[in-house]
Amino acid sequence: MSKSAIVTRFAPSPTGFLHIGGARTALFNWLFSRRNQGTFHLRIEDTDRLRSTVEAVAAIFDGLSWLGLKHDGNALFQSRRQDRHREIAEQLLTNGNAYRCFATEAEVAGARDAAKKANRPLLFDSPWRDADPARTPDRPFVVRLRSPRTRPVEVTDAVRGAVRWPAETLDDLVLLRSDGSPTYMLAVVVDDHDMGVTHVIRGDDHLGNSGRQALIYQACGWTTPTFAHLPLIHGPDGKKLSKRHGALGIDSYRAMGYTPEAMRNYLARLGWSHGDDELFTTDQAVSWFDLKGIGKSPSRFDTRKLDHVSAHHIRSGDDASLLDSLADWLAANDKEPLSETAKARLRHGMPVLKQQAKRLPDLLARGEFLLSTPPTPDLTELAGQLNTDAKSLIALARTLIDRFAEAAWTRENHDALVGDIAVRADLKPARLFRLLRSMLAGIESKSAPSVHDMLSLLGRRESLKRMAAAVPESV
RNA sequence: GGUCCCUUCGUCUAUCGGUUAGGACGCCAGAUUUUCAAUCUGGAAAGACGGGUUCGAUUCCCGUAGGGACUGCCA
């Protein structure tokens, strides 16, 4: 293992599902570690016990595994590391980089209100920062970091460049709450350090945190990792993605019938680019990925482009795995699983079905004609649509059956036959195709493939059977 | 309010001082045509604004406007 081994991590809070933005963050971390033969860790930030549930944690595992983003080693639960976090806080207290603050919450709030009125940064300047440790009151306290007040804090971000904050805008952040529990700020830094994380790739909403966290790294004497803050994903209206935009969780996209491969492609291209490449495989993304390709501005989620990417991956997908994906989709939506014969038929038709599908369920809609015998078409109704009468339509159908029955079952023959019959009947071939379509897949079949494809997929025997069934016995 | 970040076609983006500003989605037109699609061809469509720097700015700097994030003893 090289000394410069890269370690990344994805550290979601379990809030109910794997957010689409979180999924992209995970993907970038995964891509970056794979690209560099590094390590990709998963850490569950479950220190907010009220909001963290086993279901929420399971949703994250499910989402990641469906997306194919496997983490190395075991997932780490932040809540189980509180002793370690406290230990660091104690050290900081001992070496003077932190202090006990006995200010009440009301005092802090009052100071902030005053700062706001005076148009100053909302920081709280604790009177206990320089108090005599011997003269401390006997009441609850928090442990605060003693931030340097003279120099600005600077962080170098791999996508943003140098970012700095004036010293007076950063207050002494709380490390340990008055009940002794560690705060998020402390926990993140300690965990990232202990896990050996070299690159913190996360959402833009953490950019401000990186300055504060840098202060903790400095106080601990640790080297800060490289930060890379990803611009957020917005809804189609440019506002932060929220419930009113519809699907937020990766599970929703799974339920809609997008494949993991397509989601990876679309998500990777949202906020990251490799020249003009739009459609690519995951292997390609891995070999191309770099932090330089990450954009700076937020991007909007566009489901129509997602559809296009999805269609491409279905079209170029492997028939057998497409069938597996379809089975997964059925299961994810609590639908009845495919029977063995249904599987065999869809598998047989897959080369055709996948040509025009945007999402997995389209495969099923296209292939419906293969799975069940269509209802007998009402030729009277069809005659109405074709602006002719039922009687001549039936005659045409019979001719079609007779001629098809005696010719070899090829597309060329079918074309020639239809052309010939059309000329004799003084009709446009299009009408005969409409008639054939109705006989093979039902009069309402809008989503079935072309007549030629159906003829070929169904074969001579089944096709002729359906055609015959469509014509009334006695007229 | 304060701090920080962002700004190229409607959308995702390329460009790393000199281009007819390129590609993709979507859109429009045409071809094809047995529905819906898919496919092929063509088309419309962008550097927020104002100042600098420079022989030359989309590109560098400043300002303005707009958008976003953060601003907790949440994560």
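Proteins come first, then strands; the chains are lettered A, B, ... in the order of their sequence lines, and each starts at number 1. FYI, side chains are in, hydrogens and waters are out, and symmetry mates aren't considered; it's all heavy atoms of this structure.
Side-chain proximity of Lys296(A) to the nucleotides C73(B), C12(B), C6(B) is greatest for C6(B). In the set C70(B), C12(B), C73(B), the nucleotide with an atom closest to the side chain of Glu105(A) is C73(B). Taking the side chain of Ser273(A) as heavy atoms from C-beta on, and the options U3(B), A14(B), A75(B), the nearest nucleotide is A14(B). The side chain of Arg269(A) lies closest to U13(B), out of A75(B), C5(B), U13(B). Closest to the side chain of Pro166(A), from the set A24(B), C70(B), U3(B), is U3(B). The Asp205(A) side chain lies nearest to A69(B) when the options are A69(B), U11(B), C4(B). With C6(B), G26(B), C73(B) as the candidates, the nucleotide lying closest to the side chain of Pro298(A) is C6(B). Side-chain proximity of Ser297(A) to the nucleotides A14(B), A75(B), C6(B) is greatest for C6(B). Each of C12(B), A75(B), A69(B) was ranked by its minimum atom distance to the side chain of Thr183(A); first place goes to A75(B).
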Please produce a list of atom pairs where a protein N or O lies less than 3.5 Å from an N or O of nucleotides 42-50 of chain B.
none

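Within the 4.0 Å cut-off from OP1 or OP2 of A75(B), at least one side-chain nitrogen or oxygen of Thr47(A) is found. Side-chain nitrogen and oxygen atoms of Arg315(A) include at least one within less than 4.0 Å of the OP1 or OP2 phosphate oxygen of U39(B). Between Arg112(A) and G72(B), a side-chain N or O to OP1/OP2 separation shorter than 4.0 Å is present.
For the ring pair (Phe, Tyr, Trp, His ring centres under 6.0 Å) condition, the pairs that include at least one residue of residues 432-455 of chain A, sequence neighbours left out, are Phe433(A)-His452(A). Identified under the salt bridge (charged side-chain N to carboxylate O under 4.0 Å, His left out) test for residues 348-363 of chain A, with sequence neighbours left out: Asp319(A)-Lys354(A). Within the structure, salt bridge (charged side-chain N to carboxylate O under 4.0 Å, His left out) pairs that include any residue of residues 147-161 of chain A comprise Asp125(A)-Arg149(A), Arg149(A)-Asp172(A), Glu154(A)-Arg164(A), Arg160(A)-Asp204(A) (at least two apart or interchain).
Within the nucleic acid shown, Val142(A) comes within 4.0 Å of at least one base atom, counting heavy atoms only.
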(message) At under 4.0 Å between heavy atoms, how does the protein contact nucleotides 28-36 of chain B? Give one character per nucleotide, 5' to 3', with B, S or -.
(response) ------BBB
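Computed from coordinates, the Tyr266(A) OH to A24(B) C1' distance equals 12 Å when rounded to whole Å. The CG-P distance, from Asp277(A) to G22(B), rounds to 18 Å in whole Å. Separating the CD atom of Gln213(A) from the P atom of C4(B) is a distance of 18 Å, rounded to the nearest angstrom. In this structure, Asp453(A) atom CG and A38(B) atom P are separated by 16 Å, rounded to whole Å. The distance between atom NE2 of His234(A) and atom C1' of C12(B), rounded to the nearest whole Å, is 14 Å.
Below the 3.5 angstrom threshold, one finds no donor paired with an acceptor across the side chain of Ser299(A) and the base of C12(B). Residue-to-nucleotide contacts include no donor-acceptor pair under 3.5 Å from the side chain of Lys358(A) to the base of A37(B).
Separation of the Trp128(A) and Phe141(A) ring centroids does not fall under the 6.0 Å cut-off.
With sequence neighbours excluded, the residues that form a side-chain contact (heavy atoms from CB on, under 4.5 Å) with Gln356(A) are Arg366(A).
Using bins of under 30°, 30° to 60° and over 60° for the plane-to-plane angle, the ring pair Tyr217(A)/Phe227(A) lands in the perpendicular bin. Ring geometry for Tyr253(A) versus Tyr258(A): interplanar angle of 30 to 60°, hence tilted.
Nucleotides C73(B) and G50(B) have their P atoms positioned 45 Å apart, rounded to a whole Å.
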